[in-house]
Structure formats: structure tokens, C-alpha cells
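Here is the structure we will look at, set down as C-alpha cells.
Every heavy atom of this structure was used, including side-chain atoms; hydrogens, water molecules and symmetry mates were not. Order of the sequence lines fixes the chain letters, A, B, ..., with proteins taken first and strands second; residue numbering starts at 1 for each chain.
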4 protein chains.
Amino acid sequence: MQKNPQPGRPRSEKARTAILDAVRETLLASGYSGLTMEAVASRAGVSKATIYRWWPTRGALALEAAGGQIAIGTVPATDDPLADVESAIDQLIETFSRPLASVVIFAAIATGADDPEMAARFRAEYVYPWRVTAAEAIRRATGGEDDEAVQFLLDVIVGTVFQRTLVLKEPNTADLKWRLMALIFR
Amino acid sequence: MQKNPQPGRPRSEKARTAILDAVRETLLASGYSGLTMEAVASRAGVSKATIYRWWPTRGALALEAAGGQIAIGTVPATDDPLADVESAIDQLIETFSRPLASVVIFAAIATGADDPEMAARFRAEYVYPWRVTAAEAIRRATGGEDDEAVQFLLDVIVGTVFQRTLVLKEPNTADLKWRLMALIFR
Amino acid sequence: MQKNPQPGRPRSEKARTAILDAVRETLLASGYSGLTMEAVASRAGVSKATIYRWWPTRGALALEAAGGQIAIGTVPATDDPLADVESAIDQLIETFSRPLASVVIFAAIATGADDPEMAARFRAEYVYPWRVTAAEAIRRATGGEDDEAVQFLLDVIVGTVFQRTLVLKEPNTADLKWRLMALIFR
Amino acid sequence: MQKNPQPGRPRSEKARTAILDAVRETLLASGYSGLTMEAVASRAGVSKATIYRWWPTRGALALEAAGGQIAIGTVPATDDPLADVESAIDQLIETFSRPLASVVIFAAIATGADDPEMAARFRAEYVYPWRVTAAEAIRRATGGEDDEAVQFLLDVIVGTVFQRTLVLKEPNTADLKWRLMALIFR
DNA sequence: ACTTAAGCGAGACGGTACGTCTCGTCTTAAC
DNA sequence: GTTAAGACGAGACGTACCGTCTCGCTTAAGT
């Protein structure tokens, strides 16, 4: 027999969905710089106040709207550690190739300059899970490197893939995985 | 006996200097997002029209103002190729550690999403010279790898250093060079 | 049981009043040429957008702000038609002597060169009512002149009073009415 | 072997003419509000500084450029004083009908609000000569009215013609003269 | 059924910055 | 010394978004 946990009109799921859809459409159509609150409100048929009631900044909005697209998948632990590392690299490349990824990841990194909190949240929510499981795979594949060495290899992988796919927009990702594997494991 | 090469009042070197100084001060004080044309004009004691007369966008302004800070130095070719590669990595780390570098490089990358031309100019002017000479050093140090392999190694170096120093803001850069050297040459 | 007749936040009467007051103060202090949107906004403690939301041009703003000062009063129809014509002339002289009248009437006439619509609105709203009732008074006082003759006499009255009080800024208006009465009625 | 009476390059008559022509063209094409110094300079193929060297304001410029069009002709003194008054009214109507007159006279009056000096110069140079000779004609035609009465009649004439032709833009000026004559001389 | 309280749309509000325009002044080299 | 060219500081233009606010109206749960 619980108390009314929240009196009043409940949050409109319809508005929430319309807003997040509008954010995705706007990001794809106009990029992060075109993601204005007014544009989102207008496209979603929603009042600006409703957006601000639930998301403090457009960064938070973009992050939540694109969440499903930018979360890097975790790496399973099979009994073939090399295959697991391969799989970690695949996850990374695949995520970075998604339509919204480039837009939102750039924004997250660039906004990080002004707003470290958002950058931290981005990493914690969307990168960290992959990082932990990928680290485990590398540790096993390399036969027990110390943590610093593993973290370094993760940075090599992330940095290189980021550079190739997002900064240089190199479309050919086929040999990227093999080159990285060869580099790391002799 | 040449004709007047440029009629009219010549460009004021004083205004130019004041503007570029104001840009640097503003970038350091308020970041790229605080770099408004009005702020620069006001700090430089200059009219907005004068800024727009010479720079079309704040991106161009930031690039020119920070130019000296973000140009990665080229790599000399000595008869110790390994030392040359070390030197290339040093140049990169040292450039990325300069006060303005983080701000402007993030901006260049983020703006690149909207304005590929600026990203291209950034690379051509400030990165490419280093890249060419660093590639040559790697080629010699590795005993004549093919170009694709060399480019890949450059991306590994740039990506890793970018990731470590700018994205993760890892202050400890001491072992970064040695880890990269060890990774590449065995 | 009516529906919400106007959705959204209602117009701020405070802002409206502050703007119109600021317009009047600015007109008196700096004339029509000093009536900039920025000056009004600043003096009224209001954003420029709020002004533009409700008035399309500074002309419309001046007209509305000064409306009460430049509307020429209508002429009552008593059973002494000569007294009514006198009263019509008095109204005119009195209106033209008000503090804002000179500034705004000049502006309305001068702007009329570029923007006939504003001149038309000025006449329709602030002059026409007087003109109709004054015409009726003249008609009765002259014993039924045809309309063209009456309109001509109105132009004589308006033109002469305008010339004397506003163009020549002749302060002595005492004999103006009597001279006009004498001219028109022998 | 005379001394150089004025050292240096003499004033370019060509530039002067080009400027005044450009002023007239601009006034006709864009009205007084379109008469910007930049527009005149550009149309005349002349530098702005050259304009400012010789005319202090655009008002002075307009007045000089349009001078020939807005000077009201003087009234001859024949032995038919009534005909002379008629002639005075004709001069007025004819002047007010010239292409540039409306534009410049409005400007002179409107600018008069800010800059009384210009209004005074306008009257002294372009209206006063007519006014003196017209006053003389009226004095003779009315058999020696006192000066105040004559000045009043002049204001009636000027005011009425201004009102009809310039403010109301009434194109039919045929009966205007006769109505004024009838009003003044019974 | 009635009350209460939050959610919602619409849209006005004070601000800030935008990029453009014209002003009147200035600085140069050519004439 | 005057000219054309054109850069300059100043400051208003009208527009776009910002984040906040004030309305009247839903929409449900608790009475």
C-alpha cells in the first residue's frame, strides 16, 4: 500500500519520444551546430520549456538521443583471447561507422573542452564498458601484461581507429583491424 | 620602376596585431566557445568590420592567431633514423602540450564536421609538413616499408598521442614516447 | 464557456508602456533622427526583439507613442457655425503647439516621401477626424459651399497654420486665428 | 610672370560636376533617404574624402545640387499688380512641381528639425528673393496693407500651395491659383 | 465527482552575438 | 595641394537563439 510517489500529471512519453526523434533528425540534417533548442522544439511540436524540464543542455540531449548509436559494445570472453581482441576492435570500428557517431563523438570531445562533466559522462556511459572488457581480452591475449601496458594498448587502438575513421574519414576499414592486430601481437 | 601596387590606405599592422593578440588572450581565457567576434573586437579596441574585412570566420581567425603554436615542427634527417622517429614523436607531444594547442585543435576537429575546408587547411598547413618528414624517418628506420604501412604507423602515433594528451589529458608524457617506440620497433 | 482566446504568455503591458515612454523621452531629447531602436530598447530596459515583435518600424513606433499628442481634436457642431470654425482653427493651433507635435509631424511628412503608407496612416488616424468635422463647420458657416471649395479652405487653414507654427516656428499665434477667420469670412 | 596664386593642384571641376550630377541622379532614383555619401561617391567615381572636403553634410550637398531646381523665381513689377501676384503664385506652383523639388524641400524641412542652420540657408537662398518681390506685388495689389498683413498672406499662399502640391500631392493645380486669388482679393 | 498538482503548448521576455551597413576620419601614393 | 583608393573606429541595423517566464489547458491519482 504505497503512497502516491508522484502526484500530478505524469510525464508525457509522447513528448519524450518526439523530442529524441527530432534530435536525431536534426543532428543528421544539420550537424551538432545546427542542433538548436528551438529547432528541436519546433520539429518535435513541443515547447522549449518541456525540453529544458528534462534535459539541462543540448549536450545532454544529444547524448541521450544518440546513446544507442554511440555505446560501444562490450567484448565477450571466449577461450580464444586473440579473437576477443579482434572482436573489440571490430566493435570500435563498427560503432564509429554509425550515422550519428561521428557527429556526436566529435561534439562530445569538442564540448569536453568547455564542459568536462559531459566528456566524463560520455566516457563513463558509452566507452568505459567496452574499455573494461577489451582490457581483459588484451590482458589474456598478451599473457598478463601489467595494467599500464594494457591501458596504453587500448589508447593505441582507440586513437588509431578514431584518427582513421573519424578525423581522416578513411572509408576503407578492412585492413585497419589486421594492421592493429599485427602491430600489437608482433 | 613599378606602379603603385596597391592604392589606398595600407592595412594597419597595429590593428592586425591587436586582433591576433586579443584572439589568443580570449582563447586562453574563455576557450573557443568564448571566442566571439564582439569580444575580440572589444578587447582589441577594433571595429568588428575590420575583423570581417580580413578574416571570414572565427575559425580562420583562431587558426591564424594560434598558427605558431599549433604548427608541428618538421623532423630533421640525421644518420640515426631511430633518433629521427623519436624526434618526430617528441615534436608531436611538445606541440600538443602548448597552451593554445588543445583549444584550437579541438576546435579545428569539431569545426571540421561543419566546415571541411577549414579542417583541410588545418591539416595542410600545420600537420602535413611534419607528416612528410616523419614518414621519411619511419621509412628509413623500418628499412623501407611500403607507403601504406608507413601512413598507418603515422596514424598510430598521431592517434595515440592525441588520445593520451588531449582527450584523456594525461599529464604524464614521459613514457609515452618509449612505449610508442617499443611498439613500433619490436 | 469560451476557449482560451490567446494561447501563450500574454503581452507584457509593462514593457509596452516602458517602450512608449522611452520613445517619447527620446523624441524630446534627441529628435526623430535620434530615435534609434537601440536607444529606445536601452532606455526602456527592454530587448530589441520585443520592440520589433510589436512595431515594424521606428515610424510606427513614433506614431503610436505620440498618438495622443498629434491627434487633432474633432470640432463640435453647435448652433453658432462661426464659433465652430474658430474652434476648428484653435484645435489645429493647439495640437501643433504640443511638445511632440513638431517632431512627429515633420517626421511623418518627411518619411511620407519614402513610405507613403505611413503618411496615409498618419492622415487617416490623426488628421481625418478633425478634417471631417471642420469641413462640416465650414460648410454651415459659409452657407453651403460646394465640397471642393470647402476642401480648399481646409487646405488654406492647415497649410497656413503648418507654415506659421511649425515651419517658421512663429511663437505668436494669437492673431493667426483672427486673420484666418477674417480671410475666409470676408 | 605671375606668382602661383594658389599652390598645389587646383580643384578638379570634373569631380565637382560628377558629384553634383550623381547627387541629382541619386535623389531622383532613391530619394533623400537613399542619398548616402558612399552612393554618391561610388556613382560619381570619386572618393568620399573629396566630397567631405567641399561639402560638410549631405544636406548642403543636396541643396547645392538641386539649387537650380528649388530656387523660386522672383516676381517682376509690372503696372498690373494683380497680374504680378498671379505671377508670384505661378512661380511657386511651378517650382514645387519640378522633379527634385519635392524631395529636397521635404528634406530641408525635415532636416530643419535637427539643423536649423540648413533650414535658414534654404529659406535665405531659395525662398527669400521670391518672398520679397511677392510681398511687394501684394502690397501694391491690396493698396498698401501693413507688413504683417502682407506676410500673413504670403504664408497663406506658401502654406496652401505646399499643402496641396507636396503634402497631398494633388496633381490638379489649375484651379489652385484662381482660388487663392479669389480668396485674397475678395 | 472533485480536488490537487505536475506536465504541457504556446509564446512573450531580457539578453547576447551575429554579419552588414554607413558614417566621418585617416593614410598612402599618384598626379 | 588635390585626388582615388580604401582601411579604420564607431555604432545602428534587423535576425536568431538563448534560457526563463507566464498563461490556460490537460491528465491522472487521491479524496
Side-chain angles (χ1 to χ4, degrees), chain A residues 3-16 35-39 41-42 44-54 56-58, chain B residues 3-16 34-39 41-42 44-54 56-58, chain C residues 2-16 18 34-42 44-54 56-58, chain D residues 4 6-12 14-15 36-39 41-42 44-54 56-58:
Chain A
K3 280 302 192 78
N4 181 10
Q6 242 160 255
R9 177 175 176 175
R11 176 170 184 185
S12 155
E13 207 51 43
K14 204 175 116 194
R16 183 175 179 276
L35 186 73
T36 70
M37 295 309 228
E38 315 243 320
S42 150
V46 137
S47 123
K48 273 196 295 174
T50 300
I51 304 180
Y52 281 109
R53 205 189 321 278
W54 303 108
T57 62
R58 64 172 185 155
Chain B
K3 280 301 190 102
N4 181 9
Q6 236 158 259
R9 177 176 176 174
R11 176 170 184 183
S12 155
E13 208 51 45
K14 203 174 116 194
R16 184 176 178 276
L35 186 73
T36 69
M37 295 309 226
E38 313 243 323
S42 150
V46 138
S47 123
K48 272 196 295 173
T50 300
I51 303 181
Y52 281 109
R53 206 187 326 277
W54 301 108
T57 61
R58 64 174 184 152
Chain C
Q2 62 189 90
K3 281 297 190 108
N4 181 9
Q6 235 157 256
R9 177 176 176 173
R11 176 169 184 185
S12 155
E13 207 51 44
K14 202 173 117 195
R16 185 175 177 274
L35 186 74
T36 68
M37 296 308 227
E38 312 243 325
V40 171
S42 151
V46 138
S47 120
K48 271 197 294 173
T50 300
I51 303 181
Y52 282 109
R53 203 181 335 268
W54 301 108
T57 61
R58 65 175 185 151
Chain D
N4 183 5
Q6 236 157 264
R9 177 174 174 176
R11 175 170 183 186
S12 155
K14 205 174 114 194
T36 69
M37 297 309 230
E38 316 241 317
S42 149
V46 136
S47 120
K48 273 197 296 174
T50 302
I51 304 180
Y52 280 109
R53 203 190 316 284
W54 302 107
T57 62
R58 64 174 184 154

Checklist entry - Sequence neighbours excluded, which residues qualify as salt bridge (charged side-chain N to carboxylate O under 4.0 Å, His left out) partners of B:Arg16? => result B:Glu13, B:Glu64

Checklist outcome for this item: Of B:Pro10 and C:Ala44, the one whose nearest nucleotide on DNA chain E sits closer to the 5' end is C:Ala44

Next on the checklist: Output the rounded distance in Å from CZ (C:Arg9) to P (E:dG14).
Outcome noted: 8 Å

Item to check | Qualifying residues under side chain to side chain contact (heavy atoms under 4.5 Å, CB included), relative to A:Thr36, sequence neighbours excluded | outcome: A:Glu38, A:Ala39

Tabulated below should be each protein N or O lying under 3.5 Å from an N or O of nucleotides 17-24 of chain E; please produce it.
residue	atom	partner	partner atom	Å
E:dC18	OP1	B:Met37	N	2.8
E:dC18	OP2	B:Met37	N	3.0
E:dC18	OP2	B:Glu38	N	2.9
E:dG19	OP2	B:Tyr52	OH	2.3
E:dG19	O5'	B:Tyr52	OH	3.2
E:dG19	N7	B:Lys48	NZ	2.9
E:dG19	O6	B:Lys48	NZ	2.8
E:dC23	OP1	D:Met37	N	3.1
E:dC23	OP2	D:Met37	N	3.1
E:dC23	OP2	D:Glu38	N	3.2
E:dG24	OP2	D:Tyr52	OH	2.5
E:dG24	O5'	D:Tyr52	OH	3.2
E:dG24	N7	D:Lys48	NZ	3.1
E:dG24	O6	D:Lys48	NZ	2.7

Next on the checklist: The criterion is side chain to side chain contact (heavy atoms under 4.5 Å, CB included); which residues satisfy it with A:Ala41, sequence neighbours excluded?
Outcome noted: A:Lys48, A:Ile51

Checklist outcome for this item: For A:Ser42, the side chain to side chain contact (heavy atoms under 4.5 Å, CB included) test, sequence neighbours excluded, returns none

Item to check | Distance in angstrom units between A:Arg11 CZ and F:dA29 P, rounded | outcome: 17 Å

Checklist entry - Could you give the CD-to-P distance, from C:Gln6 to F:dT22, as a whole number of Å? => result 18 Å

Next on the checklist: Using heavy-atom distances to pick each residue's nearest nucleotide on DNA chain E, tell me which of C:Thr50 and A:Trp54 is more 5'.
Outcome noted: A:Trp54

Checklist entry - Between atom CD1 in D:Ile51 and atom P in E:dT25, what is the gap in whole Å? => result 13 Å

Checklist entry - Taking CZ from C:Arg53 and P from F:dT15, how many angstroms apart are they, rounded to a whole number? => result 12 Å

Checklist entry - Whole-Å distance between E:dT27 C1' and B:Lys14 NZ? => result 13 Å

Checklist entry - side chain to side chain contact (heavy atoms under 4.5 Å, CB included) with C:Ser12: which residues, sequence neighbours excluded? => result C:Lys14, C:Ala15

